Number of protein chains: 2
Amino acid sequence: MDNLQSTEIKILDAARQVFHQKGFNGARMQEIADLAGINKALLHYYFRNKESLFEKIFNETFGQIALKLNEIFLSEMTLMTKIEIFVNFYINFISKHSYIIQFVINALQDKPDQLREIILKQNLSPGLLLEQVQKQLKDEMGLDIDPLHLYINILGLVIFPVVAKPLIQSIFAIPDDKMGIFLEQRKKIVPTFIANALKGYEKDKSFI
Amino acid sequence: MDNLQSTEIKILDAARQVFHQKGFNGARMQEIADLAGINKALLHYYFRNKESLFEKIFNETFGQIALKLNEIFLSEMTLMTKIEIFVNFYINFISKHSYIIQFVINALQDKPDQLREIILKQNLSPGLLLEQVQKQLKDEMGLDIDPLHLYINILGLVIFPVVAKPLIQSIFAIPDDKMGIFLEQRKKIVPTFIANALKGYEKDKSFI
DNA sequence: TGTAATTTTGACCGTTTGGTTTAATTATAT
DNA sequence: ATATAATTAAACCAAACGGTCAAAATTACA
C-alpha cells in the first residue's frame, strides 16, 4: 500500500481516527492496528501502551484547537473582524472534523489530572488572550465587559450546534439535509448576533 | 441499609449515576450492582442486559431535558420572561446534574438509530416549540427571525459552559473556585446578552 | 405450618481486551 | 557481508467483562 508514509505516521493517523470517534474506552488497539495496516505487536513496538498513544493524540488535538484560538485573537485586527474570521474558520473546521471537540471534552472529563499535566507543557497564553480582548472592547467600543464571558459566548454559539447536533435534531425534529444548511447559515448569523449584543451594551455599560 | 426502597429503584438510581458519569462503554455492570448494594446476578434478574438498562436510563434522562424545554416555552409568558426563567432554571439544573447533558449527547452520537426510536415514543412537540417562539418574536418585537437559530443560541450560551467546563478551565487557566462564580454570573449575563442582540435586530429586520 | 413462588446469592462460563513472548523474516546501514 | 533495526505471525497470558445457573434464602399464601 502506501509505504511512502513511515509506520509511525500510519499508526498516528489510524489512532487519531479511532480515538476521535470512539474515545479512550471505545477504542480498540486491534482496530488501530488494522486501520494502520500493521500487526498489533508492532503497535506496541512503537508505542508502549494504549495510554501513551492516547496521550500523544490528545496533546496534538488539544494543541490544534487552542492554538487557532491564539493565532486569531492575538493578531492585529479589530475585535469584530477577529470574531467573524474565527466563527467562519471554526464552524468549517469542527464541521469537517466533527468528533474533534467532543473528543477533547470527553477526554478532559474522563482523566482531568492526567491530561492537565500534558496541557501545561503546551505554552498557552490565557492571560494575553483575555487582556487583549478586554483592551479591544474598551478601546474600540468603550465597553467594560468581562472578556471571559464574551469568549464563552462566542465558543458556545459556534461549538454547541456542532457538538449537540444529534440532540438538536432529536428535540426539534430536524432532518439531516436541513442541518447542513443550518450550520452554514450560522457563519453569518453568529457574528451578527454578537455584534448586535455588543451594540446593546453601549448605553448602559455595566456587565460585571 | 435502606431496604425501604425497592430493589428496582435502587438499581435505577445506581445505573443512572454510573451511566451518566461514564457512559455506556465506561459503565460496568459490577459497579452498578455494587452501588445498588446487590448481586450482579440480581441486576440481570431485574434487567435482561446492559442495553435494556441503559435504554431505560436514557429514556428517562432525555425526557427530563426535553420536557422542561416544552414546559417553559409553551407556557403563557413574554418571550424575554421565558428566556430568563429558562436560563436560570437550566443553569441550576445542569450544574447540579453536571453529567446529564454530556451523557445524552454522547449516547446519541454512539447509537443514533437505536435511541432515535426511543425518542419517537416520547411525544415531543417540536413544531409547536418553533411556531410559538416565531410568533412571539413577531408579535412582541416585530422580528422575522428563524426561531431555531434563537433556540440554539440560547442553548449554546447556557449549555456550553457547563459541558465544556474542563476545556474552558484548561484554555483560559480558570481555577475551580472562580468557575462556580462564573457560572452563577451567567444567569444574568446570558439573558442580557440575548435581549441586547434581539434589540439590535429591530432596525434591520433581516435575519433569514 | 407447609409449600409454591419470588428474590437473592456465589460460583462459574465464554469472550474480549490490552499486552507479551518467541521465533522467524525482511529491510537498512556500515 | 554482517550486524542492527523493523516487521510479521502465532501463540499465549491475566484481567476484566457481560452474562448464566443452580442452589439458597425469603416471602406469599393456602
Side-chain angles (χ1 to χ4, degrees), chain A residues 1-61 103 106-107 109-111 113-115 118, chain B residues 1-60 103 106-107 110-111 113-115 118:
Chain A
M1 310 290 171
D2 44 1
N3 283 334
L4 301 172
Q5 303 173 69
S6 77
T7 302
E8 194 172 333
I9 289 180
K10 284 197 291 184
I11 292 177
L12 288 173
D13 285 345
R16 190 181 308 115
Q17 203 172 316
V18 175
F19 278 132
H20 279 192
Q21 286 189 35
K22 315 202 170 177
F24 183 83
N25 284 326
R28 302 283 161 249
M29 292 299 267
Q30 186 62 60
E31 191 183 350
I32 294 174
D34 290 348
L35 196 64
I38 57 157
N39 194 288
K40 197 177 62 164
L42 192 58
L43 194 56
H44 287 88
Y45 177 78
Y46 275 86
F47 296 90
R48 220 164 317 155
N49 50 36
K50 195 181 181 182
E51 298 260 335
S52 75
L53 183 54
F54 179 80
E55 287 181 5
K56 203 133 196 168
I57 296 297
F58 176 84
N59 187 53
E60 166 203 295
T61 305
F103 164 77
N106 285 333
Q109 201 113 48
D110 273 16
K111 2 189 131 191
D113 304 325
Q114 184 190 154
L115 299 181
I118 296 177
Chain B
M1 311 286 174
D2 43 0
N3 284 334
L4 301 172
Q5 304 174 67
S6 77
T7 303
E8 194 173 333
I9 289 181
K10 285 196 291 185
I11 291 176
L12 288 173
D13 285 346
R16 191 179 307 116
Q17 204 173 314
V18 174
F19 278 131
H20 279 190
Q21 286 189 34
K22 314 201 171 179
F24 183 83
N25 282 327
R28 301 284 162 247
M29 293 299 266
Q30 186 62 61
E31 191 181 353
I32 294 174
D34 290 348
L35 197 63
I38 59 157
N39 194 286
K40 196 178 61 166
L42 192 56
L43 197 56
H44 287 89
Y45 175 79
Y46 276 86
F47 298 90
R48 221 164 314 155
N49 50 36
K50 195 180 180 182
E51 298 260 335
S52 74
L53 183 54
F54 179 80
E55 286 181 4
K56 203 135 198 166
I57 296 298
F58 176 84
N59 187 54
E60 166 203 295
F103 164 76
N106 285 333
D110 273 14
K111 1 189 131 191
D113 304 324
Q114 183 189 154
L115 299 180
I118 296 177

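Because the structure is a prediction, the values reported are computed rather than measured. First the proteins, then the strands, lettered A, B, ... as listed; each starts at 1.
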**Q** Would you say the side chain of A/L115 lies within less than 4.5 Å of the side chain of A/I118, judging by non-hydrogen atoms?
**A**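 A side-chain contact exists here, since the closest heavy-atom pair is under 4.5 Å.
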
**Q** Give the first and the last nucleotide of DNA chain C, reading 5' to 3', that has any atom under 4.0 Å from a heavy atom of chain B.
**A**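 For DNA chain C, the relevant span reads C/dT6 to C/dG10.
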
**Q** What residues, two or more places apart in sequence or in another chain, satisfy ring pair (Phe, Tyr, Trp, His ring centres under 6.0 Å) together with B/H44?
**A**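 If we apply the ring pair (Phe, Tyr, Trp, His ring centres under 6.0 Å) test to B/H44, skipping adjacent residues, there are no hits.
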
**Q** Output the residues of residues 16-31 of chain B in contact with DNA chain D, where contact means a heavy atom of the residue under 4.0 Å from an atom of the strand; sort by number or write none.
**A**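 Those residues are B/A27, B/R28, B/M29.
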
**Q** Does one side chain, of A/Q17 or A/D13, offer a donor that lies under 3.5 Å from an acceptor on the other?
**A**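 Judged by distance alone, the side chains do not pair up.
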
**Q** Using a heavy-atom distance cut-off of less than 4.0 Å, which residues of residues 39-52 of chain B contact DNA chain C?
**A**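 B/N39, B/A41, B/L42, B/Y45, B/Y46 - these, ordered by number, are the residues of the stretch whose heavy atoms sit under 4.0 Å from the strand.
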
**Q** With no hydrogens and no angle check, do the side chains of A/Q30 and A/D34 hold a donor and an acceptor under 3.5 Å apart?
**A**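 A/D34 and A/Q30 do have a side-chain donor-acceptor pair below 3.5 Å.
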
**Q** Check the phosphate of D/dT7 against A/T7, side-chain N and O only, distance under 4.0 Å to OP1 or OP2. Yes or no?
**A**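 Yes, because at least one side-chain N or O of A/T7 sits under 4.0 Å from OP1 or OP2 of D/dT7.
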
**Q** Would you mind telling me which of A/K40, A/Q21, A/K22 makes a side chain to side chain donor-acceptor pair (under 3.5 Å) with A/E31?
**A**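 Option passing the side chain to side chain donor-acceptor pair (under 3.5 Å) with A/E31: A/K22.
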
**Q** I'd like to check A/F103 versus A/I57 (side-chain heavy atoms, cut-off strictly below 4.5 Å). Are they in contact?
**A**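 Yes, their side chains come closer than 4.5 Å.
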
**Q** Side chain to side chain contact (heavy atoms under 4.5 Å, CB included), that's the test. Do B/L53 and B/I11 meet it? Break it down for me.
**A** CA-CA 9 Å; B/L53 183 54; B/I11 291 176; 4.3 Å; yes

**Q** Closest heavy-atom contact between B/M29 and B/N49?
**A**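 For B/M29 versus B/N49, the nearest heavy atoms are CE-C, 4.1 Å.
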
**Q** For the residue pair A/K50 and A/R28, establish whether any side-chain heavy-atom pair is separated by less than 4.5 Å.
**A**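 Heavy-atom side-chain distance check passes, below 4.5 Å.
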
**Q** Return the set of residues passing ring pair (Phe, Tyr, Trp, His ring centres under 6.0 Å) with A/F24 (not counting sequence neighbours), or none when no residue passes.
**A**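 Checked A/F24 against ring pair (Phe, Tyr, Trp, His ring centres under 6.0 Å); matches are A/F54.
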
**Q** Considering only heavy atoms from C-beta outward, does the side chain of A/L12 approach that of A/I9 to under 4.5 Å?
**A**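 No, their side chains stay 4.5 Å or more apart.
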
**Q** Please list, for nucleotides 25-27 of chain D, all pairs of protein and nucleotide N/O atoms separated by less than 3.5 Å.
**A**
none

**Q** For B/Y45, is there any backbone N or O sitting under 3.5 Å from a side-chain donor or acceptor partner on B/R48?
**A**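 No: the side chain of B/R48 does not pair with the backbone of B/Y45.
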
